[in-house]
Protein chains: 2
Amino acid sequence: MPQASDDLYKAAPPGDGRSTNPLILKLESLATLADEDRAVLEQISANPQVIEPGIDLISVGDKPDGVYLIMDGIACRYTLRANGARQIMAYLIPGDYCDLDVALLARMDHSIGTLATCKVVRIDLATILELLRHHPGIAHALRLATLVDEATLREWVVNLGRRSAPERIAHLMCELLLRLRAAGHAADEGYPLPITPNDLADTTGLTTVHVNRTLADLQRQGLIAMSGGYLRILDRARLEALAEFRPEYLHLGGRVAA
Amino acid sequence: MPQASDDLYKAAPPGDGRSTNPLILKLESLATLADEDRAVLEQISANPQVIEPGIDLISVGDKPDGVYLIMDGIACRYTLRANGARQIMAYLIPGDYCDLDVALLARMDHSIGTLATCKVVRIDLATILELLRHHPGIAHALRLATLVDEATLREWVVNLGRRSAPERIAHLMCELLLRLRAAGHAADEGYPLPITPNDLADTTGLTTVHVNRTLADLQRQGLIAMSGGYLRILDRARLEALAEFRPEYLHLGGRVAA
DNA sequence: CGTAAGCTTGAATGTCATCAACTGAAGTGG
DNA sequence: CCACTTCAGTTGATGACATTCAAGCTTACG
């Protein structure tokens, strides 16, 4: 039975001494951190707060005054149309944070909310500025992470514009495998994906019904297995081929791609 | 007859003393520049080079070593799928530039090419760094511009994911009106749009045929008129209503929105 | 055990894609 | 100077993919 519990990731650091902190793991997949940098990040992300699914961390029109760092669970950026249609524009997974440049723009033009139960750390503006000023290694890694976020957003545009329903879903699953793995939240054969088909629909620009049909198809083809909020990737090679998945845009430098 | 020629914009500065430099105009719609900042930008963007349509400024896999600033015309970010399908992920209009953070990431994960004849200035890395270091006002404005680019990308995700064909096209046209106006390249009633229906199709995730049909529909409804590479917006209120256009994401602060 | 909410399944509809033939404008060469 | 080519845009017919609506089926929960 696949391990869906988060406790898996809270165990003591593994034998090789690597951290289990998703932010540290993610940044280290992009750049090299000094021991001191790691210590600072470790300290900042202590004592996360638990947030239920479906709660906005930041809403449209807000003037945000801090940054939220996701330590566990899944949140998303989204907007609502007047007719109630929702479009999700990004997934925030462990190690992701929202709006480092929060101080620069006046108002949020979209919302950020939880899709599943999350553990979240709120970091205030002063701490962010301190971090960026006095820890150039961290600042550099955060900057890289922002660039990867942008590249990911571009890839989503391609997904919505030029891929079929099964391709869209397959591509998303391949992307999440690598991103979650970089954050230490995915096993080799799959990962917890505690979101509803409805969320998936609002991500891929489809309807819930069609997402479920497509998901069933992918299972029938032996590519994946989804149950209990856990996604097992049964045939990664074929899934990636179907999605035409090219991981370069994540700029993981081969560190977690294998 | 609407004025499609670029020469319109190269005339001597208007009576109010404002520049006609698209980069300066764009940045001033986001922040306040000092006279000295303006002078530096004016100097940097002198002597643009003419590039024919359909030419890559930067190609996938390149390790870029400079920044391209668009002074006139339209370029785009795009990728190609294995089957030849193209998805355009951003329009670069006058005042836009590519990849300020060029030095940070190893390789381009997409290409940048011209859609129409462009006037382009290449700025080398040293100049960029000098600019960012010694002109904090410019650095700040450029940073804001980058955030707006990201917000625009998110809006494109919404466009592709949750809007119908006519809505997508209408939304794009509304967006370009404001962006071009901020760069001093649009009149009140329309602007030069020297791109093909095929380009529009690869932008909106549709086929060329369907774009042409939809375009014809929009004309029949009296919303727009397109001819000779010039787009006239005949009924802006209805066009914006159709697209459900909310300009906040462009963060123009009311300066050019009216 | 009963209710509600979400997932599944089926059938009908609609939007957009595909394919192919036609039109028209622009450029080329005899 | 005019036929010829070419290519972009148009139009129509057909079909695929995804939506919509609705009914049955689980599952979770009180």
Side-chain angles (χ1 to χ4, degrees), chain A residues 1 4 52-54 81 83-88 115-117 158-172 193-221 224-231 242-244, chain B residues 4 52-54 74 81 83-88 115-117 158-172 193-221 224-231 242-244:
Chain A
M1 195 62 186
E52 294 303 299
R81 288 195 56 177
N83 63 13
R86 177 178 64 158
Q87 178 66 46
I88 294 177
L115 293 175
T117 303
V158 178
N159 219 24
L160 290 165
R162 284 287 180 247
R163 278 197 266 261
S164 67
E167 290 170 345
R168 289 182 204 184
I169 294 178
H171 195 278
L172 179 67
L193 190 61
I195 66 176
T196 67
N198 186 39
D199 297 331
L200 224 40
D202 291 343
T203 306
T204 52
L206 305 167
T207 58
T208 308
V209 173
H210 197 61
V211 162
N212 280 325
R213 281 193 234 271
T214 309
L215 237 27
D217 266 1
L218 293 174
Q219 313 215 40
R220 229 170 281 129
Q221 291 177 52
I224 60 164
M226 253 194 119
S227 71
Y230 193 94
L231 172 71
L242 169 65
E244 232 171 64
Chain B
E52 294 301 300
I74 299 195
R81 288 195 57 177
N83 63 13
R86 177 178 64 159
Q87 177 66 46
I88 293 176
L115 292 176
T117 303
V158 178
N159 219 23
L160 291 165
R162 284 287 179 248
R163 278 196 266 262
S164 67
E167 290 169 346
R168 289 183 204 183
I169 293 177
H171 196 279
L172 179 67
L193 189 61
I195 66 177
T196 67
N198 185 40
D199 297 331
L200 223 40
D202 291 344
T203 306
T204 52
L206 303 167
T207 57
T208 307
V209 172
H210 198 62
V211 163
N212 280 326
R213 281 193 233 271
T214 307
L215 237 28
D217 265 0
L218 293 175
Q219 312 214 41
R220 231 169 279 131
Q221 290 177 53
I224 59 164
M226 254 193 117
S227 71
Y230 193 94
L231 172 72
L242 169 64
E244 232 170 65

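Bear in mind the structure is a predicted one, so any value in this text is a computation, not a measurement. Every chain is numbered from 1, with letters handed out A, B, ... down the list of sequences.
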> Could you give the CG-to-C1' distance, from B:Asp199 to D:dA8, as a whole number of Å?
Replying inline: 12 Å
> CD of B:Gln219 versus C1' of D:dT10: gap in Å, rounded?
Replying inline: 13 Å
> Rounded to the nearest 0.5 Å, how far apart are CG of B:Leu160 and CD of B:Gln87?
Replying inline: 5.5 Å
>> Between the base of D:dG12 and the side chain of B:Arg213, is there a donor and acceptor pair under 3.5 angstrom?
In response: yes
>> Under 4.0 Å, counting only non-hydrogen atoms across every strand here, what does A:Ser164 touch: a base, just sugar-phosphate, or nothing?
In response: sugar-phosphate
>> Quick check on C:dC7: is either OP1 or OP2 less than 4.0 Å from any side-chain nitrogen or oxygen of A:Asn212?
In response: no
> Could you give the CD1-to-P distance, from A:Ile195 to C:dC7, as a whole number of Å?
Replying inline: 11 Å
> C:dA17 P sits how many Å from B:Asn83 CG, rounded?
Replying inline: 14 Å
> In Å, rounded to the nearest 0.5 Å, how long is the span from CG of B:Leu115 to CG of B:Asp199?
Replying inline: 4.5 Å
>> To the closest 0.5 Å, what do you measure between CD1 (A:Ile88) and CG (A:Leu200)?
In response: 8.5 Å
>> Tell me the interatomic distance from B:Arg163, atom CZ, to D:dT19, atom P, rounded to whole angstroms.
In response: 17 Å
>> Taking the minimum atom-to-atom distance to the side chain of B:Thr196, which one of D:dG12, C:dT9, D:dG9 wins?
In response: D:dG9
>> Please report the interatomic distance CE(A:Met226) to CG(A:Leu231), rounded to the nearest 0.5 Å.
In response: 5.5 Å
> In whole Å, what is the span from the CG atom of A:Leu160 to the P atom of D:dA18?
Replying inline: 12 Å
> What is the nucleic acid contact for B:Ala165, judged by heavy atoms within less than 4.0 Å: base, sugar-phosphate only, or nothing?
Replying inline: sugar-phosphate
> Taking all atoms of both residues into account, what is the closest heavy-atom pair of B:Arg162 and A:Ala85, and its distance?
Replying inline: CD-CB, 3.9 Å
> Nearest to the side chain of B:Leu206 - C:dC16, D:dC21, D:dG9?
Replying inline: C:dC16
>> Determine whether a donor-acceptor pair (one donor, one acceptor, N or O, separation below 3.5 Å) exists between the side chain of B:Arg168 and the base of C:dT15.
In response: no
>> Applying the side-chain contact (heavy atoms from CB on, under 4.5 Å) criterion to A:Ile169, which one of A:Leu242, A:Thr203, A:Leu218 satisfies it?
In response: A:Leu218
>> What is the separation between atom CZ on B:Arg220 and atom C1' on D:dT11, rounded to the nearest whole Å?
In response: 11 Å
>> For nucleotides 25-30 of chain D, give me one character per nucleotide, 5' to 3': B if any protein heavy atom sits under 4.0 Å from the base, S if the only such contacts are to the sugar-phosphate, - if neither.
In response: ------
> Under the criterion side-chain contact (heavy atoms from CB on, under 4.5 Å), which of A:Pro166, A:Ser164, A:Pro197 is the partner of A:Thr214?
Replying inline: A:Pro166
> To the nearest angstrom, how far is A:Leu200 atom CG from C:dG6 atom C1'?
Replying inline: 15 Å
>> What's the closest nucleotide to the side chain of B:His210 if the choices are D:dT10, C:dC16, D:dT20?
In response: C:dC16
